[in-house]
Novice: 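This is the structure, below, for whatever I ask next.
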Amino acid sequence: MKVLNFGSLNIDYTYHVSHFVQKGETLLSDMSYVYSGGKGLNQSIALKRAGVDVFHAGAVGTDGNLLVELLKDSGVDTRFIKIFPNIRTGNAIIQNDSQGDNCIIVYGGANQAITKEMADEVLQEFGAGDFLILQNEISEIPYIVEQAHKKGMTIVLNPSPINENIFRINLDFIDCFILNEGEAKALVSLKENEEVLLEQLRKKFPCAEIILTLGEKGSVYAGKEGVIKQEAYKIHAVDTTAAGDTFTGYFLAGRLQGMDVKDALDIASRASAVAVSRKGAAPSIPVREEIFGGGV
Ligand code: RIB
């Protein structure tokens, strides 16, 4: 069984700010950093750091070599990453405030230049029983989902960032959703509390496993194994960027390594707590030993 993550790669320009910039305001930042990021890249790194071999497919421009190198150095298989000579690598502008919260603008760049032909080239190397992990920062996701489903791959979708493109995907083909409250509300067009939200998600996607992340309130799984709740680990928040990606990678890794849902939720929560306590996207993702060593 192989694991393919077809996902974004971004250069993150992160600015430390006292508060998020308001309409018409010019705000000074006292610190700025450049990090490797992109929901796709972060999730591949989390999977690999959690101990799972992963193929990352995606695209960058020639300015994105550092991202490919980071994935390679982390042990991720990068043979399916295309380097476009004339398109910029995707990037993100991230404001990180003094509470550790963030807000993010993403420019798709090469992530949005993925074609059906490229998807076919990649997917021909995978088949029934292999895992496909997707987020919502690359082009041609509806096509990728359709083709992967035809092949009998197990499809995991993190519908992030949520926007109208998600509704172009045949969501009945998704085997597992990992999503936050905002994304869940958009999927079921509801503004309800988490209990009702979970019920609505289960009604709408009865065959899928659903993992709803609730920030400081923890996370909850609903699916074949019933409904299982997990508390969040309390930690001083420095930067929440990539906390969700870390959770996704570690949860999936746990399940792929044969853990039951409760244990997989637990290690995912530990790992995302560590990520929140550190600055940046990819650099904040812990390695397996930090989590299993009982540090959190
Ligand atoms: O989830 C965090 C990521 O979202 C950042 O690394 C940024 O690149 C955006 O994709």
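Indexing begins at 1, ligand by ligand and atom by atom, following the structure's order. Remember, predicted model here, so these are calculated numbers, not experimental data. As a basis for the values below, the full set of heavy atoms in this structure was taken, side chains included, without hydrogen atoms, waters or symmetry mates.
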Novice: Quick test: of every protein heavy atom, which one is nearest to atom 4 (O) of ligand 1, and how far off is it to 0.1 Å?
Specialist: Lys39 NZ, 3.0 Å
Novice: Does Glu216 CD have over 12 foreign heavy atoms under 6.0 Å away?
Specialist: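 No, the 6.0 Å shell around CD holds no more than 12 heavy atoms from other groups.
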Novice: Applying the side chain to side chain contact (heavy atoms under 4.5 Å, CB included) test to Phe177, which of Ile211, Leu157, Leu201 qualifies?
Specialist: Leu157
Novice: Take His19 and Glu25 through the test side-chain hydrogen bond (donor to acceptor under 3.5 Å, both in side chains) and record every step on the way to the result.
Specialist: CA-CA 11 Å; His19 60 273; Glu25 182 183 17; 2.8 Å; yes
Novice: Cut-off 3.5 Å, side chains only: do Asn102 and Tyr15 have a donor facing an acceptor?
Specialist: no
Novice: Just to verify, which of Gln135, Gln43, Lys39 counts as forming a side-chain hydrogen bond (donor to acceptor under 3.5 Å, both in side chains) with Asn158?
Specialist: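 Passing option: Gln43.
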Novice: Among all protein heavy atoms in this structure, tell me which lies nearest to atom 1 (O) of ligand 1, with the distance rounded to 0.1 Å.
Specialist: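 Ranking protein heavy atoms by distance from atom 1 (O) of ligand 1, first comes Asp245 OD2, 2.7 Å.
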Novice: Answer with side chain, backbone, both or neither: which part of Leu41 has a heavy atom less than 4.0 angstrom from an atom of ligand 1?
Specialist: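 No part of Leu41 is near ligand 1 at this cut-off.
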Novice: Of all the non-hydrogen atoms in the protein, which one sits nearest to atom 7 (C) of ligand 1, and at what distance?
Specialist: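 So the nearest neighbour among protein heavy atoms is Asp12 OD1, 3.4 Å.
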Novice: Return yes if a side-chain donor-acceptor contact under 3.5 Å exists between Asn5 and Ser44, otherwise no.
Specialist: yes
Novice: What I want to know is whether Ile104 and ligand 1 share at least one N or O pair that is separated by under 3.5 angstrom.
Specialist: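 N/O-N/O distance below 3.5 Å does not exist for this pair.
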Novice: Please state whether Ser8 comes within less than 4.0 angstrom of ligand 1, counting heavy atoms only.
Specialist: no
Novice: With nothing but distance in play, are any N or O atoms of Thr241 less than 3.5 Å from an N or O of ligand 1?
Specialist: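 Between Thr241 and ligand 1, no N or O pair is found under 3.5 Å apart.
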Novice: For ligand 1, which atoms, with element, lie under 4.0 Å from some heavy atom of Ala281?
Specialist: 6 (O)
Novice: What atoms of ligand 1 come closer than 4.0 angstrom to any heavy atom of Ala92?
Specialist: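 Per the distance check, 7 (C), 8 (O).
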Novice: Which protein heavy atom lies closest to atom 9 (C) of ligand 1, and at what distance to 0.1 Å?
Specialist: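 Ranking protein heavy atoms by distance from atom 9 (C) of ligand 1, first comes Glu137 OE2, 3.5 Å.
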Novice: Determine, considering heavy atoms only, which of Thr14, Asn42, Thr246 sits nearest to atom 3 (C) of ligand 1.
Specialist: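 Selected option, by shortest heavy-atom distance: Asn42.
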Novice: Measure up the Phe55 and Phe80 rings against each other and bin them: parallel (under 30°), tilted (30 to 60°), perpendicular (over 60°).
Specialist: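 Phe55 and Phe80: tilted rings.
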